[in-house]
J.: 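Structure below; questions to follow.
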Amino acid sequence: MFARLTTTAAVLALSAGAAFAQQTDITIGMQLEPPNLDPTGGAAAAIDEVVYANVFEGLTRYNADGSISPALAETWDVSEDGLTYTFHLRDGVTFHDGTTMDAEDVKFSLDRARAEDSTNAQKALFAGIDTVEVVDPLTVEVTLSAPNSAFPTNMAWGDAVIVAPETAADAATNPVGTGPFMFDEWVKGDRVELVAYSDYWGEAPALDSATFKFISDPTAAFAAMMAGDIDAFPVYPAPETLAQFEADPRFEVIVGSTEGETILAMNNADEVLSDVRVREAIAHAIDRQEIIDGAMFGYGTPIGTHFAPHYPFYVDLTDQSDHDPEEARALLDEAGHGDGLTLSLKLPPPTYARRGGEIIAAQLREVGIDTEIENLEWAQWLEQVFRGKDFDLTIVSHTEPMDINIYARPDYYFQYDNPEFQALMDEIALATDEEERAALFEQAQRMIADDYVNGFLFQLARTGVANANIEGLWENAPTQANDLTGVRWTQ
Amino acid sequence: MLRFFLSRLLSLVLSLAVASLVIFTVIEVIPGDPAAFMLGLNAEPEAVAALRAELGLQGGYIDRYLGWIGGLLAGDFGTSYTYRVPVAELVAARLWVSLPLTLYALALSTLIAIPVGVVAAARRGGAADYGIMGATQLGIAVPNFWFAMLLVLVFAIKLAWFPSGGFPGWDQGLWPNLKALTLPAIALALPQASILARVMRSSLLETLGQDYIRTARAKGLSRQAAVLKHALRNALIPVMTILGLQFSFLLAGAIIIENVFFLPGLGRLIFQGITQRDLIVVESVVMLLVFAVILVTFLVDLAYAAVDPRLRRAR
């Protein structure tokens with residue numbers, strides 16, 4: 001109530017022409033409504049986009065630049081053999097219901113995520129944990145079954161946030177975390193409201209309250225931004241109107257990178273596509289820039305392998321699979337498909353897939369490959385393509401950070417089975433030396449590029465629009481989040 | 001009368017049973033596993049299996065159908081897979097948006113259509129009639145989502161009189177909500193009013209040609225009095241029929257307008273339920289709508305019979 005009064009006062013003061021009172025509430029637009037608010041029990045990006053870093057925190061956290069920093073764990077030690085992580089928890093952290101966050105909660109959260117009946121969407125993050133021991137109320141010892149240098153990074157995911165045993169079961173509808181904002185209200189189908197938590201352990205945020213409003217229609221999103229009903233739309237769904245916002249001094253257009261490697265995935269176990277010459281031909285048939293311009297309004301960075309360009313380990317391999325229709329035709333001829341080939345192309349709903357798919361179909365036709373396009377809903381796509389592996393080609397963006405290890409899973413939907421690559425991934429997990437890791441990651445990127453496993457298209461851009469007076473919004477999306485801790489109004 | 005009532009009741013129950021079977025089959029046939037959808041690309045198969053068990057998705061079709069029907073009969077609509085709250089709660093919240101919006105749109109369309117239709121009929125062949133006929137033609141032809149976008153551009157972005165969309169919730173008071181519903185109601189009302197005005201006009205013209213109107217005029221009643229006192233009442237009957245149809249159409253069919261104005265209405269609940277494979281929500285909401293329509297038909301049947309004794313003996 002108090003927050004609402006001060007907000008109203010601030011608005012009144014502003015409209016009266018007094019610029020000294022800064023606005024302390026914000027309305028964030030999102031295209032999809034989260035199905036629930038429990039990041040430990042669902043994969044929907046929209047869940048993390050509301051609660052990550054705002055309501056829930058983990059032992060570690062992602063920063064805007066993709067680096068990892070301590071969160072609920074102040075520091076941690078790693079044993080000589082790389083098997084034991086000792087996390088020293090921050091003192092004085094409380095959940096929004098007033099109870100203290102301690103080692104028991106950490107043990108509960110990790111054990112719950114890796115339990116047999118766990119419904120955690122990223123259960124693999126916890127697979128390497130052997131035991132979790134409470135040493136004292138502020139110290140937790142995690143023992144892994146094999147060294148894993150990525151463990152602190154894994155603990156930064158939204159799926160690894162710390163929850164309390166008393167409230168975890170209701171997190172879907174009433175999330176109780178340790179973050180700077182606490183859950184206030186959810187008007188289903190319309191908005192989620194958060195208010196600042198006064199007993200937050202860290203620096204108090206500049207905002208008093210935040211509203212996440214769900215607008216699925218791109219045209220409606222445009223209108224809501226223009227009318228000022230929404231202050232910021234971090235993942236703005238109508239890129240064709242961005243130029244209009246750029247020209248308007250009231251708004252700021254924020255273009256950043258995401259963790260989304262968008263690929264033309266190929267069924268490597270298919271009779272025709274198991275021939276590397278055919279896959280290479282398809283790679284050469286693709287003109288990446290044409291897809292980025294035609295489907296993404298010019299936003300996106302071409303990639304030549306399954307790795308995000310903003311990481312220091314990234315190797316630019318786009319030249320290896322450059323646009324070369326002549327080469328593509330020659331390779332197809334050599335593989336015995338000189339007189340044509342027909343492949344299925346199954347497209348999930350996002351625009352990068354639907355618009356991109358049509359452009360790719362035209363590019364493939366130029367080298368003599370006909371495609372049968374089939375548009376699928378997500379649930380159908382998961383059933384047919386992802387689980388059933390009943391496809392030749394599909395387009396999808398893999399939005400998990402550092403997910404090149406999916407190529408080490410022979411039963412993953414594109415069915416790339418290369419023991420050499422699998423051994424390489426095991427080696428990376430064991431490597432703790434940065435330089436060694438960099439060399440191994442480079443080798444991995446080259447290996448899948450050399451095998452032309454998939455058509456590597458572009459890194460999905462994150463294009464957002466915000467009121468020009470807001471600062472502190474994330475530009476890139478190292479993980480799917482709308483971290484509001486550093487967001488403020490400049491006037 | 002009792003026999004008639006019972007036979008109608010029996011047909012109501014049979015229709016509901018058949019409808020429930022059709023709904024369940026059609027929806028369960030749609031490919032796509034709700035649990036796999038919720039856990040996404042990186043999920044381990046065992047986590048998906050655990051979620052399926054938690055959602056009660058295991059077991060045969062027949063068991064699940066009987067479980068669903070049993071729940072419905074006991075007034076339990078089930079629990080939404082994705083939102084994890086009772087479906088009844090979701091539907092109730094959505095009805096608080098959809099019902100006022102429907103009534104608002106119907107009120108607007110009636111208030112516009114009836115006077116306009118009467119004027120057109122009274123001035124048959126005149127300039128006003130041609131103007132109204134042209135305008136209503138346009139009103140029917142213009143797609144309502146396009147008209148809605150136009151309204152937003154003018155009244156929300158340019159003039160800032162109304163919000164561009166959204167719904168504050170009734171706890172915020174009457175005025176903000178009425179403001180939020182005005183543009184959507186206008187967008188919904190336009191085509192409905194156009195149809196209604198044309199029905200009003202032709203129905204009134206037909207009544208005006210009846211013998212009793214000629215008699216009334218012959219008795220010395222003015223043309224205006226004949227129209228308003230005698231013809232209008234009788235001419236309203238087809239208008240009421242259309243209005244009834246429009247009500248059930250608007251209640252669940254406003255989905256496009258709900259999208260343009262991002263209103264959390266019933267139509268969007270069904271749409272979201274389908275895309276997220278929240279099957280229990282879709283099944284229960286569709287069943288509820290079917291029940292509403294069948295119930296209205298049943299009541300209308302009874303009302304006809306009450307009015308017209310000949311119907312009671314039929315069949």
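Per chain, numbering begins at 1; letters A, B, ... match sequence-line order.
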J.: If you compare all heavy atoms of A:P34 against all heavy atoms of B:Y83, which two are closest, and at what distance to 0.1 Å?
T.: O-CE2, 4.1 Å
J.: Can you tell me if B:F271 has over 12 outside heavy atoms packed within less than 6.0 Å of its CZ?
T.: no
J.: Looking at A:A45, A:A44, A:G228, A:S118, which one has more heavy-atom pairs under 4.5 Å with chain B than the rest?
T.: A:S118
J.: Quick check: closest heavy atoms across A:R191 and B:Q172, and the distance to 0.1 Å?
T.: NH2-NE2, 4.4 Å
J.: Heavy-atom cut-off 4.5 Å, strictly under: side chain, backbone, both or neither for A:I215 against chain B?
T.: both
J.: Would you name the heavy atoms of B:V260 and A:D217 that are closest together and state the gap between them?
T.: CA-OD2, 4.4 Å
J.: Measure across A:D190 and B:F167 and return the closest heavy-atom pair with its distance rounded to 0.1 Å.
T.: OD2-O, 2.9 Å
J.: Anything in residues 148-156 of chain B with a heavy-atom distance to chain A below 4.5 Å? Please list those residues in order.
T.: B:M149, B:V152, B:A156
J.: For the interface with chain B, which of A:K188, A:Q380, A:M226 has the highest count of heavy-atom pairs at distances below 4.5 Å?
T.: A:K188
J.: Considering all heavy atoms of both residues, which atom of A:D117 and which atom of B:A50 are nearest to each other, and what is their separation?
T.: O-CB, 3.6 Å
J.: Counting only heavy atoms closer than 4.5 Å, note whether B:R84 contacts chain A via side chain, backbone, both or neither.
T.: both
J.: Does any backbone or side-chain atom of A:Q384 lie under 4.5 Å from a heavy atom of chain B? Answer side chain, backbone, both or neither.
T.: neither
J.: Would one find more than 12 heavy atoms of other residues, nucleotides or ligands at under 6.0 Å from atom CH2 of B:W170?
T.: yes
J.: Using 0.5 Å steps for rounding, measure from the CZ atom of B:R268 to the OG atom of A:S216.
T.: 5.0 Å
J.: Is any side-chain heavy atom of B:V48 closer than 4.5 Å to one of A:R387?
T.: no
J.: Under a 4.5 Å heavy-atom cut-off, does chain A meet the side chain of B:L90, its backbone, both or neither?
T.: side chain
J.: Answer yes or no: are there more than 12 heavy-atom neighbours, outside A:W378 itself, under 6.0 Å from its atom CH2?
T.: yes
J.: For the CD atom on A:E240, are there more than 12 heavy atoms of other groups (residues, nucleotides or ligands in this structure) within a distance under 6.0 Å?
T.: yes
J.: Counting only heavy atoms not in B:I62, do more than 12 fall under 6.0 Å of its CD1?
T.: no
J.: So for A:D229, is it side chain, backbone, both, or neither that comes closer than 4.5 Å to the heavy atoms of chain B?
T.: side chain
